[in-house]
Chemist: 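The structure under discussion is supplied below as structure tokens; questions concerning it will follow.
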Amino acid sequence: MNKYETVIGLEVHVELNTKSKMFCRCSVDYFGAKPNTHTCPVCLGLPGALPYINKQAIEDCMEIGLALNCEISNLSRFERKNYFYPDLAKGYQISQYRWPLCINGWLEVENEKGEKVVIRINRAHQEEDTGKLTHSNGETLIDYNRSSVPLVEVVTEPDFRDTAEVRDYAKKLQQLFRYLGVSNADMERGDMRLEANVSVRLEGTKELPSYRVELKNINSFRFMVAAIEYEVKRQIEALEKGEKLVQETRGWDENKKQTFVQRVKEEANDYRYFPDPDLPVLEFTSAEVGQMKNDLPELPWEKLERFVEDYEISLNNAKILTEERISADLFEEAIKQGLEKQIKPQQIANFIVNQKIKLDSEEDIASILESIANKKVDMIEDESELIRLVQEAITENKDSADAYKSGKLGALNVILGSVMKKSNGKVNADKIRQLLEDNLK
Ligand code: ADP
Ligand code: MG
Ligand code: ZN
């Protein structure tokens, strides 16, 4: 069989949590509200109603772009994407096409080998969400509460080569939206939506394949990865059989664990994009953009690096502690308070991670520091002592060690348990797991 390379590009949509909609004053807080109660002539597309731009949404979009190393276009503009479907009453969606707000960014992610790779970001642009259609009993119900909620779309170049990169990227984006406070980015509620474009080519080929399959309406990271993996296999098998693949949109059937055709793809020129004459062009000076870049909060990946450097905690601990901004902030506060009681940052980090404590409040900090001080949970940090414990446990559990070496990966837990027991739980389980893996190679 030929060797193939996977080519994936991602489109991520995120609904912003601004107060009002993108082009009118209706509230975006529609979740659970009665259908069509968050509407007005503008977002219902009534004749003569004029849109006006939500400044907060534009600022949120720029923050996202800047955090993703984009340039802000000094001139950007809205266009009408024309199509006939009742999810938008106007007959078109206001979006950005030729003049997006943010362009040419990049983000570093990890591939399946744990190496860092750079994903180029083509654009982060501003648009509006559509209304929601519900089909039941041969009828279609329309709810325009979501119509015109601010939506940002972040589009990458087709730079992903494996699903580990896709997952890392999507998680980083979700984390970023939450750190910036621009969206809850909840996948189940549809605040954040992923679309993966997938194709395969013979290894060593430079050009992009002439087709791409767009995977849509998949509302979890896990399903997205499963769908991509299924799709890559399906495409390779088809090519090996000499079949020609076509541009199409597919969904994911979680019961059958298969992708299925939804529709054959339309081209951009079917939409007859043209500049929206009702909306002004957006212009920014470099001073304004510079100020905004300066005002960005510390980004999750910056915080992660600083935690490892400043507090000398493990990369894994730092990852867990910086997952959410609130727990990262509280961790730093705990360090400040802990230093007076002579508790080292590493002890606090280990304690929080090992006990799986979720930091939500000042009280959490107080009780953690007290536990550490009282129980004198002196975590064993000394590397040579850890290695000694690990080797002792391996000798004492020879059967499990052999089982692990012959491929029964679960056997590692027996030895891990033995180390935990020997040390009275005063070791970091992840660290021990790593040491065990290294020692059993
Ligand atoms: P559309 O709105 O039609 O989906 P976009 O330009 O917004 O078009 O998005 C196209 C996406 O498809 C981008 O993420 C891009 O990187 C990706 N892409 C383009 N060509 C390929 C390909 N051959 N294989 C996989 N992904 C591709
Ligand atoms: Mg697309
Ligand atoms: Zn409205």
Side-chain angles (χ1 to χ4, degrees), residues 4-13 18-30 33 36-46 49-52 54 79 81 83 88-90 93-98 100 103-107 119-125 127-129 131 143-163 165-166 169-170 173 193-202 205-217 228 231-232 235 239 245-250 262-271 273:
Y4 290 87
E5 178 176 66
T6 309
V7 179
I8 308 166
L10 227 61
E11 295 163 82
V12 175
H13 280 98
T18 48
K19 274 211 190 74
S20 46
K21 290 189 180 178
M22 191 60 224
F23 302 110
C24 60
R25 289 218 176 83
C26 293
S27 155
V28 302
D29 196 10
Y30 64 85
N36 300 305
T37 51
H38 289 47
T39 54
C40 72
V42 175
C43 57
L44 286 176
L46 300 189
L50 287 173
Y52 31 89
N54 182 335
E79 294 201 87
K81 178 182 183 179
Y83 64 91
L88 270 178
K90 300 194 289 296
Q93 179 191 32
I94 304 178
S95 181
Q96 296 192 304
Y97 184 55
R98 283 169 291 183
I103 49 173
N104 299 335
W106 54 268
L107 186 66
I119 303 298
R120 289 168 303 156
I121 290 164
N122 171 287
R123 54 164 61 207
H125 76 229
E127 56 183 42
E128 59 178 337
D129 211 345
D143 176 8
Y144 285 120
N145 283 351
R146 199 181 65 184
S147 156
S148 214
V149 167
L151 202 61
V152 169
E153 178 173 5
V154 182
V155 183
T156 75
E157 297 295 340
D159 287 348
F160 298 96
R161 294 291 170 267
D162 67 48
T163 49
E165 296 169 8
V166 171
Y169 173 85
L173 247 55
R193 299 163 223 157
L194 308 177
E195 281 163 45
N197 296 270
V198 184
S199 65
V200 298
R201 65 183 172 196
L202 285 176
T205 315
K206 285 263 152 28
E207 313 81 65
L208 285 176
S210 58
Y211 73 97
R212 66 185 151 98
V213 171
E214 183 163 5
L215 299 173
K216 264 202 161 138
N217 304 321
I228 295 174
E231 198 46 37
V232 169
Q235 292 181 16
L239 291 177
L245 291 159
V246 293
Q247 187 115 333
E248 62 189 8
T249 302
R250 297 174 80 95
Q262 286 184 319
R263 61 189 155 97
V264 176
K265 181 92 190 132
E266 57 287 275
E267 298 283 331
N269 51 15
D270 295 338
Y271 292 123
Y273 281 96

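Computation of the quantities below employed the complete heavy-atom set of this structure, encompassing side-chain atoms and omitting hydrogens, waters and symmetry-equivalent molecules. Remember, it's 1-based here, ligands and their atoms both numbered in the order they're listed.
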Chemist: Under 4.0 Å from any heavy atom of E157, which atoms of ligand 1 are there?
Modeler: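 Those of ligand 1 that fall under 4.0 Å from E157 are 16 (O).
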Chemist: Within ligand 1, which atoms have a heavy atom of Y211 less than 4.0 Å away?
Modeler: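 In order of number, 23 (N).
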Chemist: Looking at non-hydrogen atoms alone, which of E214, R212, Q247 comes nearest to atom 8 (O) of ligand 1?
Modeler: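 Answer by nearest heavy atom: R212.
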Chemist: Report yes or no: do Y271 and Q93 form a side-chain donor-acceptor pair below 3.5 Å?
Modeler: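 The criterion, which ignores hydrogens and geometry beyond distance, is not satisfied for Q93 and Y271.
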Chemist: I want to know if ligand 1 touches P158 in the polar sense, i.e. an N/O pair below 3.5 angstrom.
Modeler: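 By distance alone, the answer is yes.
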Chemist: Can you figure out which of V213, V12, N197 has its heavy atom closest to atom 11 (C) of ligand 1?
Modeler: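 Nearest heavy atom to atom 11 (C) of ligand 1 lies in N197.
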Chemist: For Y97, does its backbone N or O pair with a side-chain atom of R123 as donor and acceptor, under 3.5 Å?
Modeler: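 Between the backbone of Y97 and the side chain of R123 there is a qualifying donor-acceptor contact (under 3.5 Å).
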Chemist: What I want to check is whether the side chains of S148 and E128 have a donor and an acceptor closer together than 3.5 Å.
Modeler: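 Judged by distance alone, the side chains do pair up.
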Chemist: Pick one: which of K216, E248, R250 meets side-chain contact (heavy atoms from CB on, under 4.5 Å) with Q262?
Modeler: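 Looking at K216, E248, R250, the match for Q262 under the side-chain contact (heavy atoms from CB on, under 4.5 Å) is K216.
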Chemist: With a cut-off of 2.8 Å, does any N, O or S atom of C40 fall short of it relative to the Zn ion (ligand 3)?
Modeler: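 Yes, since at least one N, O or S atom of C40 sits under 2.8 Å from the Zn ion (ligand 3).
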Chemist: One residue to check: L10. Relative to ligand 1, which of side chain, backbone, both or neither has a non-hydrogen atom less than 4.0 Å away?
Modeler: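 L10 to ligand 1: backbone contact only, side chain stays beyond 4.0 Å.
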Chemist: Should the pair K81 and Y273 be classed as cation-pi, given the thresholds of under 6.0 Å to the six-membered ring centre and 45° from the axis?
Modeler: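 Verdict for Y273: no cation-pi partner in K81.
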Chemist: Give the numbers and elements of all ligand 1 atoms closer than 4.0 Å to a heavy atom of P209.
Modeler: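 Within the 4.0 Å cut-off of P209, ligand 1 contributes 23 (N).
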Chemist: Under 4.0 Å between a Lys/Arg side-chain N and an Asp/Glu carboxylate O for D129 and R193?
Modeler: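 Looking at D129 and R193, the cut-off is met.
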Chemist: Need the ligand 1 atom indices (1-based, order shown) with element for anything under 4.0 Å from a heavy-atom of V7.
Modeler: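 Once the distances to V7 are compared, the set is 24 (N), 25 (C).
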Chemist: On the 0 to 90° scale, with breaks at 30° and 60°, tag the Y169-F160 ring pair as parallel, tilted or perpendicular.
Modeler: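 The rings of Y169 and F160 stand perpendicular, inter-plane angle above 60°.
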Chemist: What do you get for the angle at the Zn ion (ligand 3) between SG on C43 and SG on C24, to the nearest 10 degrees?
Modeler: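 Rounded to 10°, it measures 110°.
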